[in-house]
Protein chains: 2
Amino acid sequence: MPGIDEVARVAGVSTATVSRALSGAGHVSPTTRERVRRAARDLGYVVSSSASGLATGRTRNVGVVIPFLNRWFFSSVLEGAESTLLTHGYDLTLYNLQGGGAERQTVFEHFLLRKRVDAVIAVSLELTSSEVSRLLAMKKPIVGVGGPLPGVRTLSVDDVAVSRLATEHLISLGHRRIAHIGGDDDHNHDFHVPTNRRVGYEAALSSAGLTPDPKLHVAGDFTMPGGYASAKQLLADADNRPTAIFATSDEMAFGAILAARDLGLRVPRDLSVIGVDDHELSEFFGLTTVAQYPDLQGRLAAEILIEELNPTPAPLPDINTPLQFDLVVRSSTAPPA
Amino acid sequence: MPGIDEVARVAGVSTATVSRALSGAGHVSPTTRERVRRAARDLGYVVSSSASGLATGRTRNVGVVIPFLNRWFFSSVLEGAESTLLTHGYDLTLYNLQGGGAERQTVFEHFLLRKRVDAVIAVSLELTSSEVSRLLAMKKPIVGVGGPLPGVRTLSVDDVAVSRLATEHLISLGHRRIAHIGGDDDHNHDFHVPTNRRVGYEAALSSAGLTPDPKLHVAGDFTMPGGYASAKQLLADADNRPTAIFATSDEMAFGAILAARDLGLRVPRDLSVIGVDDHELSEFFGLTTVAQYPDLQGRLAAEILIEELNPTPAPLPDINTPLQFDLVVRSSTAPPA
DNA sequence: CTGAAAGCGCTAACAT
DNA sequence: ATGTTAGCGCTTTCAG
């Protein structure tokens, strides 16, 4: 494992020149640069990130704090962030943390703050203001994905608008009895997504002169089996059955579609179903949905941080950047029979 | 951001003592240790991992190279590895790389080797022997998950035995026309999982005196839509329809179940389906499957590395550790009608 | 049990 | 354009 001085010796220059030639900072003559490059390559030299990090104070490493790895939304965000960071020469250090707990504390104290990362992406995680301020005090840029964070640049869809859009689609098709599979409280601390989605749903109903019926709202857990169970419950009473279901995630919507089938109902003839996400399987299920783009969210988060880390950052987007979402109509919604 | 010397000053000791007190290495009197601890806490001191890494040559960071993030198997491995590493005080740096390509080269040259990680977990990725030997030359332990790697400790299920078990289950139920949805060549470079699974399937058939029928084998892509399409194809010819399908992944098996339903076939009365994985949704689908335990695989990989990184490592498992797998019978398999 | 001091390998002024 | 040199903040002999 050769060090920089060995490269310097072989190239016949000083270590400073090697550093400059290899990092691209500072002026080095093309010939020298080439000589250094070759020496480095021949020796199989790679810089020590610890040494370089110690000298510069920058680690070229971004921490990502994320509550789930095995859910489509989250793994998509992660994938987007990872590939962007990688192409910009940054590493990604992963912290898979749910809710609070001692583990979370540990991560903050002993990892994130350890000068291990230059910046943090917090996905659907509400940092306490003390966590945020410590990070900010260390000049570590943070960007949140999935909801507003106090004093932190965040990327999020307008959940109220998303569910209003979904609900209005059903209303415009002529539906009047529209059920909603929301999220349970377990998921609510993450930026109140379930609450906001419910608000949008009820607002859309009210605007259309419909009164939200509490019986048509059930809490789900964002999973397919959860959506299945919720839908079964909503569809149990054959007389008062809704003609449409708006599920707050595509996976729950898939469950609802399967539940309808098992009850002998045809989608969309007997029941319309709409979700939120545009999950990779939504096309397969023919699910109408409101697309959000988690991979782009991850990419964008990474790009913002990279820019902020730049010595001369370009102007950055608003502190609360609203994200795009689109209605994607497929075959799970239609006018009621 | 206080440094170690500030802690030393406040605690009234030398920096060496602070280091010893905080790291637990070397002898420090209980009183002193307590004083140092308090000083550190009061100042909000955390060690700089760059400085510590530079001084010790260890980063307490493990790299994980993994081809997919959004597939259940892989995210489960990752989750298992992450939580084990975290509880042992290691960070996890994520490299999401498929196949070969320049990106992969980059990661090896500029990241993994940058003294950034102490060890590497390679998930379902065939490292070239030059990659392996470079890593080994730098004394970086590697463990592979998902298949044998030349000269590297690996954890993997015996894919031949797995699919033999699955196929034998169907045979023992009385099935004779058993189809197989395998993997396509795109997935074959990862340790030949598809090939091995096919071998096991055919071996089981042969042992039972059945001749594998090439028409009953189709290549899949490990996804649910892929399994759906493959099953549709297998079931198209009503006269020569198989009575059972063995899919090489649970997600494809789910697709097969849905395809059967769409064709008006009842599972398991008209068609038995078995998969491999024990995916989190397998219970929901009532899928009989051969369980493997990716989260445990991730945990185990992490534990092995942590042990190997230990200055006085305990004896380690075999270079090729076979992993557990179990037949899990649910309601998707039954004797043929 | 504790302190002094020599690095770990690199970068960034500052010179030239 | 390149070299000299002083750290970056910690760990670890080596003394005591």
Side-chain angles (χ1 to χ4, degrees), chain A residues 1-37 39-40 43-61 89 110-111 113-118 138-139 309 311, chain B residues 1-37 39-40 43-61 89 110 113-118 138-139 311:
Chain A
M1 267 185 313
I4 196 173
D5 39 7
E6 193 154 346
V7 179
R9 233 192 40 234
V10 171
V13 295
S14 71
T15 61
T17 300
V18 173
S19 177
R20 286 189 280 252
L22 260 27
S23 72
H27 286 199
V28 182
S29 81
T31 5
T32 312
R33 160 161 293 138
E34 200 33 59
R35 208 143 29 93
V36 171
R37 284 227 177 102
L43 291 167
Y45 167 79
V46 281
V47 302
S48 152
S49 56
S50 301
S52 160
L54 180 57
T56 59
R58 325 227 300 72
T59 63
R60 295 197 73 83
N61 191 162
H110 295 295
F111 293 89
L113 300 175
R114 238 188 190 183
K115 297 195 76 169
R116 247 196 185 303
V117 297
D118 292 336
M138 308 184 78
K139 307 239 170 226
L309 255 17
Chain B
M1 265 186 314
I4 196 174
D5 40 7
E6 193 155 345
V7 178
R9 235 192 37 234
V10 170
V13 295
S14 71
T15 62
T17 301
V18 173
S19 176
R20 285 191 281 252
L22 260 26
S23 71
H27 287 199
V28 181
S29 83
T31 4
T32 313
R33 161 161 293 139
E34 199 34 59
R35 210 143 27 94
V36 171
R37 284 228 178 99
L43 291 168
Y45 168 79
V46 281
V47 302
S48 150
S49 56
S50 301
S52 160
L54 180 57
T56 60
R58 326 230 296 73
T59 63
R60 296 196 74 79
N61 191 161
H110 295 293
L113 301 175
R114 239 192 191 180
K115 297 195 80 174
R116 244 193 186 304
V117 298
D118 292 337
M138 310 184 75
K139 307 241 170 223

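Lettering follows sequence order; numbering is per chain, from 1.
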Worksheet, complete the sentence: Closest to the side chain of B:Ser14, out of D:dG9, C:dC10, C:dG3, is C:dG3
Practice prompt. Choose from D:dT2, C:dT11, D:dT11 the nucleotide whose nearest atom is closest to any side-chain atom of B:Ser52.
Written response: D:dT11
Worksheet entry | Atom-to-atom span, CD1 of A:Ile4 to P of D:dT4 - whole angstrom | 14 Å
Worksheet entry | Length of the CZ-P vector between B:Arg60 and D:dT11, whole Å | 12 Å
Discussion item. Without decimals, in angstroms, what is the distance between A:Lys115 NZ and D:dC10 P?
Written reply: 8 Å
Worksheet item: Do the side chain of A:Asn61 and the main chain of A:Val117 share a donor and acceptor less than 3.5 angstrom apart?
Response: no
Discussion item. So if I apply the side chain to side chain contact (heavy atoms under 4.5 Å, CB included) rule between B:Val28 and each of B:Val18, B:Leu22, B:Thr17, which one comes out positive?
Written reply: B:Thr17
Discussion item. Rounded to whole Å, please give me the gap between CZ in B:Arg35 and C1' in C:dG3.
Written reply: 14 Å
Practice prompt. For residues A:Arg116 and B:Arg60, determine if any side-chain heavy atom of one lies less than 4.5 Å from a side-chain heavy atom of the other.
Written response: yes
Discussion item. Measure CZ/B:Arg58 against P/D:dC10 and give the value in whole Å, please.
Written reply: 18 Å
Worksheet item: Which of the following nucleotides, C:dG9, D:dC10, C:dA13, is nearest to the side chain of A:Ala51?
Response: C:dG9
Worksheet entry | Nearest-0.5 Å distance that lies between atom CD1 in B:Ile4 and atom CG in B:Leu43 | 12.0 Å
Worksheet item: Between atom CG in A:Asp5 and atom C1' in D:dT4, what is the gap in whole Å?
Response: 15 Å
Worksheet item: Which of residues 25-34 of chain B sit near DNA chain C, with a heavy atom under 4.0 Å from it?
Response: B:His27, B:Val28, B:Ser29, B:Thr32
Discussion item. Using whole Å, what does the distance between atom P of nucleotide D:dG9 and atom CE of B:Met1 come to?
Written reply: 8 Å
Discussion item. Can you identify which nucleotide, out of C:dT2, C:dC8, C:dA12, has its nearest atom closest to the A:Ala16 side chain?
Written reply: C:dA12
Fill in: Closest nucleotide among C:dA12, D:dG3, D:dC10 to the A:Thr56 side chain
C:dA12
Discussion item. Please report the interatomic distance CZ(B:Arg20) to OG1(B:Thr15), rounded to the nearest 0.5 Å.
Written reply: 9.0 Å
Worksheet entry | side-chain hydrogen bond (donor to acceptor under 3.5 Å, both in side chains) partners of residues 2-13 of chain B, not counting sequence neighbours, each pair once | none
Discussion item. Which nucleotide wins on minimum distance to the side chain of A:Thr17, given the candidates D:dT2, D:dT11, C:dC10?
Written reply: D:dT2
Discussion item. I want to verify a distance call: between C:dG3, D:dC10, C:dG9, whose nearest atom is closest to the A:Leu54 side chain?
Written reply: C:dG9
Response to the item:
CG (A:Leu54) and OG (B:Ser48) are apart, to the nearest 0.5 Å, by 6.0 Å
Worksheet entry | Presence of A:Ser19 side-chain N/O under 4.0 Å of C:dT11 phosphate oxygens OP1/OP2 | yes
Worksheet item: Checking all strands, does A:Val13 fall into the base, sugar-phosphate, or nothing category for heavy-atom contacts under 4.0 angstrom?
Response: sugar-phosphate
Fill in: Per B:Arg20 side chain, nearest of listed nucleotides C:dT2, C:dG9, C:dC8
C:dT2
Worksheet item: Do the side-chain N and O atoms of B:Ser52 and B:Ser49 include a donor-acceptor pair separated by under 3.5 angstrom?
Response: no
Practice prompt. Measure from CG on A:Leu43 to C1' on C:dG9 and round the result to the nearest Å.
Written response: 15 Å
